Amino acid sequence: MSLIEDLVAAYRILAEHEVIDGYGHVSVRSDGNPNSYFLARSLAPELVTEKDIIEFDLDSNPLNGDTRQPYLERFIHGEIYKVRPDVRAVVHNHSPSVIPFGVTTVPLKPIFHMAAFVGLGIPNFEIRKVEKGTDLLVRTPKLGKALARTLAAKPAALMRGHGSVVVGEDLQRAVGRSIYLEMSARLQMQAMTIAGPRGKIAAFDAAEVKASVPRQDYARAWNLWRTKALERMRREG
Ligand SMILES: [Zn+2]
């Protein structure tokens with residue numbers, strides 16, 4: 001079991017759960033060097049293998065003379081690793097169910113125990129406050145820094161009209177949170193629909209959030225997802 005194998009599995013798992021599709025990416029901080037991280041070359045997630053992983057410094061320059069095409073939005077990863085020493089894995093996705101919450105004033109609420117971390121607060125990155133007239137992609141270090149500033153100490157941030165960024169102390173948390181954030185957003189929309197405009201939704205209170213978040217490491221799910229993803233890969237050859 002290596003970190004790179006885990007990273008490849010993370011790509012497959014996120015694609016399988018439709019959190020990322022042809023786009024979106026996941027990275028992990030290097031075990032040996034906290035000032036570098038691993039991210040795939042510019043490639044659809046389901047095609048990523050160990051050979052496609054590039055090591056970057058925290059300015060998101062490829063190391064070891066690697067000249068393969070990197071993701072345009074790699075700055076999301078590097079700039080977050082710079083300011084969040086606690087973060088060891090970053091997911092950037094275009095997770096569909098979170099989009100409505102990035103373009104309205106309706107906040108995401110902690111309504112589902114698998115996504116209790118929502119109760120820590122999910123800020124919304126408004127790229128227009130940093131630069132007007134962009135294509136919404138985080139293409140520069142400046143935009144990456146601004147996103148990292150919006151994320152601050154939180155586990156995730158929405159990116160208005162684009163998707164979200166989700167972080168964790170390890171890959172299993174970043175991946176688990178991404179999958180359950182998508183699910184939680186969908187469940188909240190369903191709860192809002194059946195509750196109607198006057199209905200109340202029973203979200204977690206602060207004590208429940210505090211009790212839930214540290215325990216939620218997604219370990220059991222991660223082991224299952226990882227085993228299935230690596231088996232599928234071996235079958236595909
Ligand atoms: Zn993106």
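Note that the coordinates shown come from a computational prediction; the quantities given were computed from them, not determined experimentally. Read the numbers this way: they start at 1 and go in the same order the structure lists the ligands and their atoms.
Listed by first and then second residue, the side chain to side chain donor-acceptor pair (under 3.5 Å) pairs involving residues 106-133 are Glu126-Arg160 (not counting sequence neighbours).
Taking the side-chain contact (heavy atoms from CB on, under 4.5 Å) definition, one finds that Ser97 meets it with Glu182, Ala185, Arg186, Met189, sequence neighbours left out. Among residues two or more places apart in sequence or in another chain, the salt bridge (Lys or Arg N to Asp or Glu O under 4.0 Å) test is passed with Glu79 by Lys82, Lys145.
Put simply, the residue from Leu108, Ile99, Val165, Val103 that forms a side chain to side chain contact (heavy atoms under 4.5 Å, CB included) with Leu158 is Leu108.
Of all protein N, O or S atoms, those under 2.8 Å from the Zn ion (ligand 1) number 4.
In this pair, Tyr37 and His77 present their aromatic rings parallel. The plane angle is below 30°, not in the 30 to 60° band. By the 30° and 60° cut-offs, the orientation of the rings of His92 relative to His162 is perpendicular.
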